[in-house]
Enquirer: 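What follows is a structure written as structure tokens; I'll ask about it next.
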Amino acid sequence: MIYKTIDLCAGIGGIRRGFELTGQCKNVFSAEIDKYACATYMHLYHENPMQDISKESCKEKIKHIDYDILLAGFPCQAFSSVGKKEGFEDKTRGTIFFHLADIIKRSKPKAFLLENVEGLITHKKGDTFNTILNVLINQLNYKIIGVHKDDEDNIVFNRNDLLRNSKYFGVPQNRPRVYLVGLNMDYYSNYEDIIGSMDLPNHRTRPEIYHDLNDVISLREDKKYYLSSQYLETLKNHKRKQQKRGNGFGYMVVNDPSIKHPISNALLATGGSGKERNLIYDPQKEVEGLKVKNKKSPINNEGIRLMTPSEWAKLQGFKGYAFIDENGIDQFTFPRKVSNTQLYKQLGNSVSIPVIEEIAIMLISLLDKIGDKNVQV
């Protein structure tokens, strides 16, 4: 059976692609408001996803779309703790989650996948996450895999049942993320026990994609990626100061030769830290000490550089995996008019496609199993 998906807060379409890789999903609607992400999405999927899910017109459009699974990697915003009314409108209004919940309420998909950062669970001492779960379970009547109710009808969960790390799914990146998979109890109430017994996949079940970071990085990269000597010294000084304070913060060379099976730290969209915690040792005698345009001092003589956008794309499963065609040719490319700055941001904001693919395989298998023959509306 082919399941129709909608891709909200789509970014550059990583979640969509993970579901498409199952061979049983067809995307019928996309929404994203960042113009640079939309340019990359258009380049990859030949569709312009420029839609704003906070707008009434967009919500009404979705309400009338025939689809099965809602996908969204929504941003975590501060949730309101004021108000006197009951229901999700009170505590979530003004957040992207409110708009997603409103869309789910109106269109009642059979299932959804929501992805977010690990910190969502502890945001505001857990109040944000508890609000989200209460809305999805009690207000909208969805059963979430890995979440249960105790004898007193309280929502309970083990955080480890909702977190999955990319490093166990074929890509050498330490990237824990929250994954909420929900099924509509208006459709599947007869199968609540089956759904309740399910777990999210915790590792890749097929051959690994990359053994470690050494399979991802490309040596002898362009000189523009190498740190200037002044910048490297600044990073060293910062790390020394942090160490004196007892902190482990600071730059990291993730493929240091002393590391037997290197993996990267999480790729981040928030600027420097995502790059500085993922520096690469790639010595080239011919570039040491060179003066390069836009660098205030010559290239460092220790062979330290930034990862490239292509390496980030591999670590997220875009390049070298998710767009390989039936002839074994990798069709993934970057759009020409999107800067490296934007590519780093987009890839850091995106998902690890192989994780999504495994979750999609599990969800599609479950939907196939429980079917539609005993639908209750």
Side-chain angles (χ1 to χ4, degrees), residues 11-12 14 34-44 171-173 175 210 212-239 249-257 259 262-321 323 330-350 352:
I12 58 174
D34 183 281
K35 67 177 182 179
Y36 299 107
C38 285
T40 300
Y41 199 102
M42 179 73 178
H43 176 78
L44 293 176
V171 287
Q173 181 189 175
R175 189 183 188 86
Y210 303 110
D212 59 31
L213 194 56
N214 292 321
D215 293 338
V216 172
I217 60 176
S218 302
L219 297 178
R220 303 186 66 77
E221 272 294 343
D222 191 285
K223 59 182 179 293
K224 68 182 179 181
Y225 294 107
Y226 284 80
L227 274 58
S228 71
S229 54
Q230 181 179 333
Y231 183 27
L232 180 56
E233 190 59 35
T234 298
L235 293 180
K236 288 181 176 181
N237 289 334
H238 177 262
K239 188 167 186 174
F249 306 130
Y251 80 96
M252 286 187 66
V253 179
V254 288
N255 71 327
D256 187 284
I259 304 173
I263 68 171
S264 78
N265 291 302
L267 308 181
L268 304 176
T270 52
S273 59
K275 299 177 184 178
E276 293 162 3
R277 298 278 292 171
N278 283 302
L279 297 179
I280 295 296
Y281 175 69
D282 182 10
Q284 294 189 64
K285 284 291 183 182
E286 54 267 40
V287 304
E288 292 178 8
L290 280 181
K291 291 185 177 180
V292 178
K293 184 180 180 181
N294 297 325
K295 294 187 188 294
K296 294 181 179 179
S297 61
I299 288 175
N300 75 90
N301 62 5
E302 297 180 38
I304 307 301
R305 66 166 173 86
L306 302 172
M307 276 194 194
T308 67
S310 288
E311 289 165 336
W312 278 36
K314 289 179 182 179
L315 285 171
Q316 292 287 52
F318 283 83
K319 186 177 178 64
Y321 182 69
F323 292 85
D330 190 359
Q331 298 293 342
F332 178 83
T333 57
F334 292 119
R336 292 182 180 180
K337 295 184 179 181
V338 177
S339 69
N340 276 1
T341 298
Q342 284 298 324
L343 292 178
Y344 283 122
K345 178 181 177 182
Q346 291 168 17
L347 290 164
N349 261 334
S350 192
S352 299

Enquirer: Suppose we screen for ring pair (Phe, Tyr, Trp, His ring centres under 6.0 Å). Which residues come up paired with Tyr321, at least two apart in sequence or across chains?
Expert: none
Enquirer: How long is the span from the CG atom in Leu347 to the NZ atom in Lys319, to the nearest 0.5 Å?
Expert: 11.5 Å
Enquirer: So which of Leu235, Ile299, Leu279, Asp282 actually passes side chain to side chain contact (heavy atoms under 4.5 Å, CB included) with Ile304?
Expert: Leu279
Enquirer: Taking all non-hydrogen atoms of both residues into account, name the closest pair between Ser310 and Phe334 and its distance.
Expert: OG-CE1, 3.7 Å
Enquirer: Is it true that a side-chain atom of His238 and a backbone atom of Gly250 form a donor plus acceptor pair closer than 3.5 Å?
Expert: no
Enquirer: Between CG of Leu232 and CG of Asn237, what distance do you get to the nearest 0.5 Å?
Expert: 9.5 Å
Enquirer: Apply side-chain contact (heavy atoms from CB on, under 4.5 Å) to residues Ile263 and Gln173 and explain how you reach the verdict.
Expert: CA-CA 5 Å; Ile263 68 171; Gln173 181 189 175; over 6 Å; no
Enquirer: Could you walk me through whether Leu44 and Phe323 satisfy the side-chain contact (heavy atoms from CB on, under 4.5 Å) test, starting with their C-alpha distance in whole Å, then the side-chain angles of each, then the deciding distance to 0.1 Å, before giving a yes or no?
Expert: CA-CA 9 Å; Leu44 293 176; Phe323 292 85; 4.3 Å; yes
Enquirer: For the residue pair Asn300 and Ser228, establish whether any side-chain heavy-atom pair is separated by less than 4.5 Å.
Expert: no
Enquirer: Minimum heavy-atom separation for Arg277 and Asn265, please, with both atom names.
Expert: O-ND2, 2.7 Å
Enquirer: Is the count of non-hydrogen atoms from other residues, nucleotides or ligands lying under 6.0 Å from Tyr281 atom OH greater than 12?
Expert: no
Enquirer: Give the C-alpha distance, both sets of side-chain angles, the deciding distance and a yes or no for side-chain contact (heavy atoms from CB on, under 4.5 Å) between Leu268 and Lys275.
Expert: CA-CA 8 Å; Leu268 304 176; Lys275 299 177 184 178; over 6 Å; no
Enquirer: Return the set of residues passing ring pair (Phe, Tyr, Trp, His ring centres under 6.0 Å) with Tyr41 (not counting sequence neighbours), or none when no residue passes.
Expert: Tyr45
Enquirer: Can you tell me how far the CD atom of Gln346 sits from the OG atom of Ser339, to the nearest 0.5 Å?
Expert: 8.0 Å
Enquirer: Between Tyr344 and Trp312, what is the ring plane arrangement, given parallel below 30°, perpendicular above 60°, and tilted in between?
Expert: perpendicular
Enquirer: Is any side-chain N of the basic residue among Glu311 and Arg305 closer than 4.0 Å to the acidic one's carboxylate O?
Expert: yes
Enquirer: Is any side-chain heavy atom of Leu315 closer than 4.5 Å to a side-chain heavy atom of Pro172?
Expert: yes
Enquirer: For Pro262 and Asp212, which heavy atoms make the closest approach, and how far apart are they?
Expert: O-CB, 3.4 Å
Enquirer: Compare all side-chain heavy atoms of Ile280 with those of Leu306 and state whether any distance is below 4.5 angstrom.
Expert: no
Enquirer: Working to the nearest 0.5 Å, report the span between NZ of Lys224 and NZ of Lys295.
Expert: 10.0 Å
Enquirer: Applying the side chain to side chain contact (heavy atoms under 4.5 Å, CB included) criterion to Asn278, which one of Asn255, Leu267, Val253 satisfies it?
Expert: Leu267
Enquirer: Are Lys239 and Glu276 close enough for a salt bridge, meaning some N to O gap below 4.0 Å?
Expert: no
Enquirer: Kindly give the heavy-atom pair with the smallest separation between Phe318 and Gly14, and that separation in Å.
Expert: CZ-CA, 3.7 Å
Enquirer: Given Lys236 and Glu302, is the salt bridge (Lys or Arg N to Asp or Glu O under 4.0 Å) satisfied, shown in steps?
Expert: CA-CA 12 Å; Lys236 288 181 176 181; Glu302 297 180 38; 2.5 Å; yes
Enquirer: Using only heavy-atom distances, determine whether the side chains of Ser352 and Gln316 contain a donor-acceptor pair under 3.5 Å.
Expert: yes
Enquirer: Check whether Ser297 reaches the backbone of Gln230 with its side chain - one donor and one acceptor, N or O, closer than 3.5 Å.
Expert: yes
Enquirer: Taking the side chain as every heavy atom from C-beta outward, state whether Tyr36 and Thr341 have any pair of such atoms under 4.5 Å apart.
Expert: no
Enquirer: Would you give the length of the straight line joining atom OG of Ser218 to atom CE of Met307, rounded to the nearest 0.5 angstrom?
Expert: 11.0 Å
Enquirer: Looking at OG of Ser264 and CG of Leu213, how far apart are the two atoms once the value is rounded to the nearest 0.5 Å?
Expert: 6.0 Å
Enquirer: Going by atom types alone, do Tyr226 and Gln284 pair a side-chain donor with an acceptor below 3.5 Å?
Expert: yes
Enquirer: Please report the closest heavy-atom contact between Tyr210 and Val171, naming both atoms and the distance.
Expert: CD1-CG1, 4.3 Å
Enquirer: Which pair of heavy atoms, one from Val338 and one from Ala39, lies closest together, and at what distance?
Expert: CG2-CB, 4.1 Å
